[in-house]
Amino acid sequence: MDDLSFYGKYLFEQCTADVTRCTDELRRAAEELGDKYKDMHYFEITTSAMRKVLIEKGAFTEAELKAKMDEIRARFNVPDEMESPLKKA
């Protein structure tokens, strides 16, 4: 099983174990974005909240996530999100 499948399965198991708790955790994490919330698109909010919850639950560390994202960016020649033309617009 590759890493993405593992994390997807982990998230699915966490959410289906207690759907209400998972929804509340994601909502809390989204609300904790503070002032950044209003400047983000829906999927940025959702992804940021999911990232925070998975790190809190120990699915992976910040360093592991950064290493995986660097690997993916290099493999597919994708710029860092802050280098994205969408972020610069």
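Distance check: Met40 CE to Thr46 OG1 gives 9.0 Å after rounding to the nearest 0.5 Å. We find the CG-CD1 distance between Asn77 and Ile72 to be 14.0 Å, quoted to the nearest 0.5 Å. With rounding to the nearest 0.5 Å, the separation of CZ in Phe60 from CD1 in Ile55 is 5.5 Å. For the atom pair CG (Asp39) and CD (Glu44), the distance works out to 9.5 Å, reported to the nearest 0.5 Å.
Here the closest non-hydrogen pair linking Asp35 and Lys38 is O-CG, 3.4 Å. When all heavy atoms of Ala30 and Ala49 are compared, the pair lying nearest together is N-CB, 3.7 Å. Taking every heavy atom of both residues into account, Val53 and Glu25 meet most closely at CG2-O, 3.7 Å. Heavy-atom minimum distance, Met50 versus Leu26: CA-CD2, 3.6 Å.
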Using side-chain contact (heavy atoms from CB on, under 4.5 Å), reason through Glu64 and Lys68 one step at a time and then give a plain yes or no. CA-CA 6 Å; Glu64 290 170 329; Lys68 181 54 83 173; over 6 Å; no

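Taking 4.0 Å as the cut-off between side-chain N and carboxylate O, Arg51 and Glu62 count as a salt-bridged pair. Taking a cutoff of 4.0 Å between a charged side-chain nitrogen and a carboxylate oxygen, Glu31 and Arg27 do not qualify as a salt bridge.
Partner Met69 forms a side-chain contact (heavy atoms from CB on, under 4.5 Å) with one of Glu71, Arg73, Lys66 and no other, that one being Arg73.
In terms of the side-chain hydrogen bond (donor to acceptor under 3.5 Å, both in side chains) criterion, residue partners of Arg28 (sequence neighbours excluded) are, by chain and number, Glu32, Glu56.
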